[in-house]
Amino acid sequence: MAQKPGIPKGTRDFNPEQVAKRNYIFNTIRKRFETFGFQPIETPSFENSETLMGKYGDEGDRLIFKILNSGDYLSKVNESAYKEKDSNTLTSSISEKALRYDLTVPFARYVVQHQNEIEFPFKRYQIQPVWRADRPQKGRFREFYQCDADVVGSDSLWQEVEFIQLYDSVFSSLKLEGVTIKINNRKILSGIAEVIGASDKLIDFTVALDKLDKIGEEKVKEEMRSKGILEEGINKLQPLFTLSGSFESQIESLKSILSSSEEGIKGIEELAFINEAISQLGLETATLQLDVTLARGLNYYTGAIFEVAAPKGVQMGSIGGGGRYDDLTGIFGLKNVSGVGISFGLDRIYLVLEELNLFPNTVTKNVEVLFINFGEQEALFSLKAIKLLRSEGINAELYPDTAKMKKQMNHANKRAIPFVVLVGEQEMTSDTYTLKNMTSGEQTKVSLIELIEAIR
RNA sequence: GUGGUUGUAGCUCAGUUGGUUAGAGCGCCUGAUUGUGGUUCAGGAGGUCGUCGGUUCGAGACCGAUCUUCCACCCCA
């Protein structure tokens, strides 16, 4: 047993039941994406390192899986970097490719590369695995699937409205009711930073603010102080910490806080527009909530920021996220193309559905009838019937070996196959089939027509 | 990347301050039952105690390293 094989940390095998459940989620999401007018694309598992590096911040670079060059990679190595044990410089000389870290940056690369073939606005969806060299935890893996839908080439705020509808539609289809779609706006965060005189410390400021519900008001203030934000500014934030109530009343409070910031006011207007549209259109099962502490993906989000929280009572990080990035393709040289998109975390949604017992019983498509194998003649006779059953859309199979009946019955039992058919000498001569219901134990002799009717 | 945690049969877990041959339940295999599974009864197989090294007369237990699990940071789906 010492030599038992294993798989790398943070990766998983999926058994037939798990694959069926995962496909159920994939298919539901795919169906909703297409209903909303998105078209699928796929990109390679790995990209040139320069496409990915530097796009996710220093932290992101650390979590990108690098692929070692083929061949005698050490011969081309930078001599001084090797001697100095300078990992950063050395990495770029021995690795030129890296596994994709998310689907958004490869999509931006795709848009720039194919800009002349694409009809804008372009709505694409993409369901593929991504890799992160992270430490695994519950709901955090080193290989996991993202399901992304993005629109590029439209500044319209109706897109944001559509994405909120799409989130609602997908989670409602999955019967995952009571999710909270949190929304914020980068412009509001910039506005606040401006008002408190910390525009140059926007990232530090928002990272600290983002932790409010986790570490509390005092610790957040402490972190801001340690990042060099002035006490005077922090005092101005006070109304923010106690912000609550409806979407509308929060917007009113923000208006007074941000009255001196042009950008902040713009952000408020955007949020108000989106909220107004959503209240007119309505949501099936989700709730839209303004959360000014929401600050994800600031490395490229410029407008709306989304995050989806699982229903209350389920211990799970966010099950989806997204936002508006006005200039994502700019990093690849294509200016003035705005994008906005959302992502679903398949693996986390799976864990939530499992915990809440929300997978339909029908996701695993089992064999419905097993024919017992009594010998060569009987097997051939059975396969003729099986061929007909299959043409009627019934999942049927023959036990492949002429094993003891006990073994064959046991096999049917363990696989939870609901019907077993016995065809021996008696049945062959009378052209009948002995059908056994494995749940009730009842056994009847029927014709082929009756057999089809009984199983269907 | 930092700090902590976990690993004993296919699965879930016992195993005393270091002391003969490491246990249980479930599962698995065989038979009771040669054309009948799920229940019952009888019997059986299965462990380099994560891996490597160290301390010791003696290690599943103690020490170190490493891998793995889970958790908190960091960050994030």
Side-chain angles (χ1 to χ4, degrees), chain A residues 1-12 25 29 56-64 87 100-104 127-148 167 203 206-208 210-211 214-215 219 223 294-299 306-310 315-323 341-352 370-375 378 399 402-428 434-443 445:
Chain A
M1 222 42 72
Q3 300 304 327
K4 195 193 261 185
I7 54 175
K9 170 166 43 175
T11 64
R12 292 139 317 144
I25 301 174
I29 293 175
Y56 310 99
D58 293 344
E59 199 57 37
D61 282 359
R62 205 195 78 209
L63 297 176
I64 292 173
S87 299
R100 124 181 110 221
Y101 177 88
D102 72 356
L103 300 178
T104 307
I127 299 179
Q128 289 190 279
V130 302
W131 294 270
R132 295 186 188 177
D134 209 356
R135 285 232 183 144
Q137 276 180 43
K138 183 175 182 176
R140 290 181 89 158
F141 308 97
R142 298 173 94 178
E143 177 184 62
F144 61 96
Y145 271 77
Q146 286 190 333
C147 313
D148 276 25
Y167 263 141
I203 300 287
T206 50
V207 165
D210 188 48
K211 295 177 187 164
K214 212 168 177 181
I215 62 176
K219 293 249 166 118
E223 182 166 332
L294 181 63
R296 298 304 167 93
L298 282 180
N299 282 308
F306 299 114
E307 183 170 299
V308 181
Q315 197 83 30
M316 183 59 65
S318 66
I319 55 177
I342 59 172
S343 181
F344 292 80
L346 169 102
D347 298 271
R348 289 188 177 178
I349 292 171
Y350 182 105
L351 292 170
V352 172
L370 177 77
F371 281 65
I372 301 293
N373 190 333
F374 284 104
E378 293 88 341
Y399 192 90
T402 316
K404 280 185 190 166
M405 196 154 154
K406 175 171 175 150
K407 191 172 171 66
Q408 299 193 41
M409 293 295 284
N410 219 342
H411 181 71
N413 205 42
K414 277 177 191 155
R415 287 180 56 196
I417 297 171
F419 294 102
V420 162
V421 171
L422 296 90
V423 180
E425 224 180 299
Q426 306 161 26
E427 285 87 353
M428 276 173 69
T434 297
L435 174 68
K436 175 158 181 150
N437 180 321
M438 292 298 277
T439 318
S440 64
E442 271 179 278
Q443 208 164 296
K445 276 204 171 181

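For clarity, every value in this text was computed on a predicted model and none was experimentally measured. Here is how names work: the chains are called A, B, and so on, in the same order as the sequence lines, proteins then strands, and each is numbered from 1.
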Undergrad: Atom CZ of A:Arg100 and atom CD1 of A:Ile64: how far apart are they, to the nearest 0.5 Å?
TA: 13.0 Å

Undergrad: In whole angstroms, how far is the C1' atom of B:rC76 from the NZ atom of A:Lys214?
TA: 10 Å

Undergrad: For the P atoms, the ones on B:rG7 and on B:rG15, what distance do you get once it is rounded to whole angstrom?
TA: 11 Å

Undergrad: Taking 5.5 Å and 30° as the limits, would you call A:Phe344 and the base of B:rA77 a stacked pair?
TA: no

Undergrad: When rounded to the nearest Å, what value does the distance between C1' atoms of B:rU39 and B:rU33 take?
TA: 14 Å

Undergrad: Can you figure out which of B:rA77, B:rC70, B:rG35 approaches the side chain of A:Leu422 most closely?
TA: B:rG35

Undergrad: Look at the side-chain N and O atoms of A:Lys404 and state whether any lies under 4.0 Å from the OP1 or OP2 oxygen of B:rU30.
TA: no

Undergrad: To the nearest 0.5 Å, how far apart are CD in A:Gln408 and CG in A:Leu422?
TA: 9.0 Å

Undergrad: So does A:Lys211 get a side-chain nitrogen or oxygen closer than 4.0 Å to the phosphate oxygens (OP1/OP2) of B:rC73?
TA: no

Undergrad: Quantified in whole Å, what is the P atom distance between nucleotide B:rC13 and nucleotide B:rG60?
TA: 22 Å

Undergrad: Report which part of the nucleic acid A:Ser343 touches: base, sugar-phosphate, or nothing (heavy-atom distance under 4.0 Å, all strands).
TA: nothing

Undergrad: What nucleotide among B:rU36, B:rA77, B:rG35 has an atom nearest to a side-chain atom of A:Gln146?
TA: B:rA77

Undergrad: Is any side-chain nitrogen or oxygen of A:Lys407 closer than 4.0 Å to OP1 or OP2 of B:rC29?
TA: no

Undergrad: Please find the pair of heavy atoms, one from A:Glu307 and one from A:Ser318, that lie closest to each other, and give the distance.
TA: CG-CB, 3.4 Å

Undergrad: Does OP1 or OP2 of B:rG37 have a side-chain N or O of A:Lys406 closer than 4.0 Å?
TA: no

Undergrad: Toward the 5' end of RNA chain B, which comes first, A:Gly424 or A:Glu307, by nearest nucleotide?
TA: A:Gly424

Undergrad: Which part of the nucleic acid, if any, lies within reach of A:Gly10 when heavy atoms closer than 4.0 Å are counted: base, sugar-phosphate only, or nothing?
TA: sugar-phosphate

Undergrad: B:rG3 base to A:Arg135 side chain: any donor-acceptor pair below 3.5 Å?
TA: yes

Undergrad: Might you confirm whether atom NZ of A:Lys407 has over 12 heavy atoms from other residues, nucleotides or ligands at distances under 6.0 Å?
TA: no

Undergrad: NA contact type, A:Phe141, heavy-atom cut-off 4.0 Å: base, sugar-phosphate, or nothing?
TA: base

Undergrad: Do A:Gln443 and B:rU36 have a side chain to base donor-acceptor pair shorter than 3.5 Å?
TA: yes

Undergrad: Mind calculating the distance between CZ (A:Arg142) and P (B:rC75) to the nearest angstrom?
TA: 19 Å

Undergrad: Has A:Gln137 got a side-chain N or O lying under 4.0 Å from the OP1 or OP2 atom of B:rA72?
TA: yes

Undergrad: Looking only at the side chain of A:Lys138 (C-beta and beyond, no hydrogens), which of the listed nucleotides B:rC70, B:rG1, B:rG35 gets closest?
TA: B:rC70

Undergrad: What I'd like to find out is whether the side chain of A:Phe419 reaches to under 4.5 Å of the side chain of A:Lys436, using heavy atoms alone.
TA: no

Undergrad: Round to the nearest Å and state the distance from A:Leu346 atom CG to B:rA77 atom P.
TA: 15 Å

Undergrad: Could you work out the separation of B:rC11 and B:rC74 based on their P atoms and round it to a whole Å?
TA: 35 Å

Undergrad: What contact category does A:Gly57 fall into here, base, sugar-phosphate, or nothing, at under 4.0 angstrom with non-hydrogen atoms?
TA: nothing

Undergrad: Could you grab the distance from atom NZ of A:Lys211 to atom OG1 of A:Thr206, nearest 0.5 Å is fine?
TA: 10.5 Å

Undergrad: Which heavy atom of A:Pro129 sits nearest a heavy atom of A:Glu143, and at what distance?
TA: CB-CG, 4.4 Å

Undergrad: Over how many whole Å does the gap from A:Trp131 atom CH2 to B:rA77 atom P extend?
TA: 16 Å

Undergrad: Above 12 or not: heavy atoms from other molecules or residues under 6.0 Å from CD of A:Gln443?
TA: yes

Undergrad: Could you check how far CG of A:Leu294 sits from C1' of B:rA77, rounded to whole Å?
TA: 14 Å

Undergrad: Distance check needed: B:rG1 P versus A:Leu63 CG, whole Å only.
TA: 10 Å

Undergrad: If the C1' atom of B:rG37 is compared with that of B:rU6, how far apart are they to the nearest Å?
TA: 40 Å

Undergrad: Across the strands shown, which category fits A:Glu425 at heavy-atom distances under 4.0 angstrom: base, sugar-phosphate, nothing?
TA: base

Undergrad: With no angle test and no hydrogens, is the base of B:rC75 tied to the side chain of A:Arg140 by a donor-acceptor pair under 3.5 Å?
TA: yes

Undergrad: Could you check how far CD1 of A:Ile7 sits from C1' of B:rC67, rounded to whole Å?
TA: 14 Å

Undergrad: Suppose you measure atom C1' in B:rU12 against the same atom in B:rU55; what distance do you get, rounded to whole Å?
TA: 34 Å

Undergrad: For B:rG50 and B:rU8, measure between their P atoms and round to the nearest Å.
TA: 6 Å

Undergrad: Quick one: on RNA chain B, does A:Asn410 or A:Glu59 contact a more 5' nucleotide (nearest heavy atom)?
TA: A:Asn410

Undergrad: If you measure from the P atom in B:rG25 to the same atom in B:rA42, how many Å do you get, rounded?
TA: 12 Å

Undergrad: Quick one: stems for RNA chain B, with Watson-Crick or G-U pairs under 3.5 Å, at least three in a row?
TA: B:1-4 with B:70-73, B:10-13 with B:23-26, B:28-32 with B:40-44, B:50-54 with B:62-66

Undergrad: In whole Å, what is the span from the CE atom of A:Met405 to the C1' atom of B:rG35?
TA: 5 Å

Undergrad: Could you give me the CA-CA distance, side-chain angles and deciding distance for A:Tyr167 and A:Phe344, then say whether ring-ring contact (aromatic ring centres under 6.0 Å, His included) is met?
TA: CA-CA 9 Å; A:Tyr167 263 141; A:Phe344 292 80; 5.0 Å; yes

Undergrad: Using a cut-off of 4.0 Å on non-hydrogen atoms, how would the nucleic acid contact of A:Gly139 be classed: base, sugar-phosphate, or nothing?
TA: base

Undergrad: Within the 4.5 Å heavy-atom criterion, are A:Ile417 and A:Met438 side-chain neighbours or not?
TA: no

